[in-house]
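Below is one structure; the comments refer to it alone.
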Amino acid sequence: MSWEPNPLEAQRLEKLARLQEAGIEPYPLRAERTHTTAAALAAFATAGDESALPVTVCGRLVSMRDMGKSIFAHVADEHGRIQLFLRREEVGEESHRIFQKLLDLGDFVQASGVLMRTRAGEVSVRVSSWRLLSKAITPLPVAKEQEIDGKVVRYSAFSDVEERYRQRYADLAVNPEVRDVFRTRARLLSAIRRFMDDHGFLEVETPILQPLYGGAAARPFTTYHNQLKQELYLRISFELYLKRLLVGGLERVYEIGRDFRNEGVSFKHNPEFTQMEFYAAYWDYTDVMRHTEEMLAFIARQLTGGTQITYQGQQIELAPPWPRLTMRQAILHHTGIDYMQYTDAPSLAEAIRQMGKARGVATQTPPGASWGKLIDGLLGDFVEPALIQPTFITEYPRDISPLAKGIPHDPLHVERFEFFIAGMEMGNAFTELNDPIDQRRRFEMLQETFGQDDEERNPIDEDYLRAMRYGMPPNGGFGVGVDRLAMLFADKTTIREVLLFPHLRERNT
RNA sequence: GGGCCAUUAGCUCAGCAGGCAGAGCAGGUGACUUUUAAUCACUUGGUCAGAGGUUCGAGUCCUCUAUGGCCCA
């Protein structure tokens, strides 16, 4: 796709040429700045109105009011904006003329002068000299702002969702609150790291390109290494590599990184997403639960100062302990079905259909769905949306949990939990299976139970089984969707709002 | 995968009963010696998402396609 300047861009290219004719380099090598806009305003507040404090500020021109012999303009930098007050007699005829005629909103400038307060009361830089730092050719969708009772009201803001995602740079440039979302996200990541590091976990990085995929029920992206002549997969989880590290004697490990799943895109799914997984030797899933609730409370305190957050108008209390409910209790409570009365898939599917009919609600009983998948479906449809306050759902069906340790004397369940906040599944954890013989059996069972295209069916990873045969300490493992946590803490309802560059379908224009 | 809705100027949006494509902001020209959504005067700007159809005539009605949003699966 090549670029054909539109009329507005052509005008600016013309101005660019005239700037160059006037001997002005529109993209100079260096800039100088003594104060950010926020620092300048703070310094003025300290120094007082009569201080005539000299400053040099840099930023984008975001407003301009030409009064003839003087010009008022605002420059915005990352954290704020400040007004420039530019007078012809102070900067000189030519400089004034160039500012007036050849600058545009969106241009980066550097301005030096002393701080003063205008008649209208706004702290401003009384400009004695200025320089162009970067000429903007394409006009930003600049909106006008007005401050009403200390709140910034923006008019005609850039708000087309599709364009905001496709041109996130423009979105970030003109919608400062979008920048805040990603600051929140960064603080979330840093809080997670601090918490894990403080609890003796080692941060590691394992392969993204894998010869075999595994550790989750998902379809992978496939790629190819030309020189090795080898098919490779983008990882769908970190699990099997992190657990190899426990075999190697690293007792507490975690990884934060990208997983890739070749599946649908929705308000809570992006083909690549960020996951945090950890594994701790000598822990079981109850230890993991304790760690989980403490971690979330820690994150909340780091981000907000307290453990209570507001999500979409709902108060959510993250302080431990969180309620724990077995899968069986949860399903019974929300659907009236005690699935232990139907311990095979056909009878459970029938019970679900009956319940749906009786309640007049849609149910999902796809043919061939295993017992565990049916239960998981009930959880997603009837329980998950109701779990607004943080909740652990425990004791998952064995047939959908091939990497979790069974519960003694219970052939149908394993020591696993998922946790839910704001009606969203946030993470998944279990007492990890460390018996290599049982693990092989479980893998083989999946091969028999699930069809070739079923997402539950992963290839058998013989190298992983070999690692297990060397002896793996008992351990607890955990995975959390970082994007969903970011949604929670940024109070956003779609994953795209917390991803800088969310995946969108290609557009052929 | 299915249903509904949307797509009009750089941005935000009108336009419906089929009859000359509009507004505000941004842009241009000019005025203005402290304005702040500055103001005032004049003014430029469009493949009405794309393709096809109905019609004397389509931004408006129909079909298909593309992209996005919401709901369902």
Side-chain angles (χ1 to χ4, degrees), chain A residues 1 3-16 18 49 60-76 81-91 93 96-97 99-107 113 115-127 136-148 150-167 170-171 173-175 263-269 356 361-367 369 377 380-381 385 493-497 502-509:
Chain A
M1 189 175 72
W3 173 63
E4 197 57 48
N6 68 33
L8 293 177
E9 291 169 329
Q11 254 169 11
R12 290 188 177 206
L13 288 172
E14 173 61 29
K15 289 182 184 178
L16 184 78
R18 285 167 58 195
D49 280 23
R60 232 188 237 286
L61 271 182
V62 293
S63 75
M64 191 161 4
R65 290 170 297 284
D66 177 9
M67 304 294 298
K69 287 185 179 149
S70 52
I71 299 170
F72 292 90
H74 277 96
V75 288
R81 43 152 60 193
I82 195 166
Q83 183 169 256
L84 305 183
F85 177 39
L86 202 107
R87 297 193 311 153
R88 189 192 314 186
E89 59 185 42
E90 200 153 349
V91 298
E93 186 100 12
H96 179 266
R97 181 80 187 158
F99 195 98
Q100 196 175 40
K101 290 290 159 193
L102 300 183
L103 291 197
D104 287 292
L105 299 186
D107 291 351
L115 291 173
M116 46 100 54
R117 190 183 292 278
T118 62
R119 195 173 294 166
E122 180 162 355
V123 179
S124 309
V125 181
R126 181 195 213 107
V127 178
I137 307 300
T138 299
L140 277 170
V142 177
K144 293 214 166 186
E145 291 186 355
Q146 184 184 26
E147 221 171 279
I148 297 173
K151 270 192 73 177
V152 175
V153 179
R154 212 166 306 129
Y155 299 87
S156 303
F158 183 45
S159 59
D160 183 281
V161 172
E162 183 179 352
E163 289 310 321
R164 283 183 47 233
Y165 297 157
R166 288 191 194 276
Q167 302 189 48
D171 185 28
V174 303
N175 293 322
E263 296 176 343
V265 173
S266 81
F267 72 94
K268 49 181 176 176
H269 297 92
V361 293
T363 57
Q364 305 177 55
T365 53
D381 290 345
T493 55
T494 82
I495 193 170
R496 287 175 166 187
E497 288 291 337
H503 179 78
L504 293 182
R505 211 175 295 243
E506 206 172 354
R507 201 165 48 177
N508 42 351
T509 45

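Below, chains carry the letters A, B, ... as their sequence lines are ordered, and counting in each starts from 1. Predicted, not measured: the structure shown is a model, and the values here were computed from it.
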Lys/Arg N to Asp/Glu carboxylate O, A:E162 vs A:R505, below 4.0 Å: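 A:R505 and A:E162: not salt-bridged.
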In whole angstrom, give me the gap between the [atom1] atoms of [N] and [M].
N: B:A41; M: B:C5; atom1: P; result: 42 Å
N: B:C25; M: B:U39; atom1: C1'; result: 15 Å
N: B:A66; M: B:A51; atom1: P; result: 15 Å
N: B:U60; M: B:A17; atom1: P; result: 14 Å
N: B:G10; M: B:U54; atom1: C1'; result: 35 Å
N: B:G46; M: B:C11; atom1: P; result: 14 Å
N: B:C16; M: B:C71; atom1: C1'; result: 27 Å
N: B:C48; M: B:G22; atom1: P; result: 14 Å

Under 4.0 Å between any heavy atoms, over every strand shown, what does [X] touch: base, sugar-phosphate, or nothing? Just pick one.
X: A:S63; value: nothing
X: A:D160; value: sugar-phosphate
X: A:T118; value: base
X: A:R65; value: base
X: A:E9; value: nothing
X: A:R117; value: nothing
X: A:F85; value: base
X: A:R496; value: sugar-phosphate
X: A:L140; value: nothing

Does any nucleotide pair with [N] by Watson-Crick or G-U wobble geometry, both distances under 3.5 Å, and what is it?
N: B:G27; answer: B:U43
N: B:C48; answer: none
N: B:G22; answer: B:C13
N: B:U33; answer: none
N: B:U54; answer: none
N: B:A66; answer: B:U7

Given [options], which nucleotide is nearest the side-chain atoms of [X]?
X: A:A120; options: B:G45, B:U36, B:A73; result: B:U36
X: A:Q83; options: B:G27, B:G68, B:U35; result: B:U35
X: A:Y165; options: B:G69, B:U36, B:U34; result: B:G69
X: A:S159; options: B:U36, B:C13, B:A38; result: B:C13

Grab the [atom1]-[atom2] distance between [X] and [N] for me, whole Å please.
X: A:I495; N: B:G69; atom1: CD1; atom2: P; answer: 13 Å
X: A:F158; N: B:A26; atom1: CZ; atom2: P; answer: 18 Å
X: A:R119; N: B:A38; atom1: CZ; atom2: P; answer: 19 Å
X: A:Q100; N: B:U33; atom1: CD; atom2: P; answer: 12 Å
X: A:K101; N: B:G27; atom1: NZ; atom2: P; answer: 11 Å
X: A:I137; N: B:G10; atom1: CD1; atom2: P; answer: 17 Å
X: A:Q167; N: B:G10; atom1: CD; atom2: C1'; answer: 11 Å
X: A:R505; N: B:G68; atom1: CZ; atom2: P; answer: 5 Å

Please report the shortest heavy-atom distance between A:R12 and A:A136, naming the atom on each side.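 Nearest pair, atom of A:R12 first, then A:A136: NH1-O, 3.1 Å.
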Nearest atoms (heavy-atom pairs only) where A:I82 meets A:V123: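 Heavy-atom minimum between the residues: CG1-O, 4.0 Å.
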Would you sort out whether A:E93 and A:R97 count as a salt bridge (charged side-chain N to carboxylate O under 4.0 Å, His left out), showing the intermediate values? CA-CA 6 Å; A:E93 186 100 12; A:R97 181 80 187 158; over 6 Å; no
Is there a donor and acceptor pair, one atom on the side chain of A:E122 and one on the base of B:U34, closer than 3.5 Å?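 No, no donor-acceptor pair under 3.5 Å.
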Euclidean distance, [Y] [atom2] relative to [X] [atom1], rounded to 0.5 Å:
X: A:L105; Y: A:L140; atom1: CG; atom2: CG; value: 9.0 Å
X: A:M116; Y: A:Q83; atom1: CE; atom2: CD; value: 9.0 Å
X: A:L103; Y: A:M64; atom1: CG; atom2: CE; value: 5.5 Å
X: A:L86; Y: A:D66; atom1: CG; atom2: CG; value: 10.0 Å

With a cut-off of less than 4.0 Å, is there a side-chain N or O of A:K144 near OP1 or OP2 of B:A38?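 So the side-chain polar atoms of A:K144 do come within 4.0 Å of the phosphate oxygens OP1 or OP2 of B:A38, strictly under.
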Closest-nucleotide ordering on RNA chain B, the 5'-leading residue of A:F72 and A:D104: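 It is A:D104 whose nearest nucleotide is closer to the 5' end.
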Earlier contact from the 5' end, RNA chain B, for A:M64 and A:A157: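 This one resolves to A:A157.
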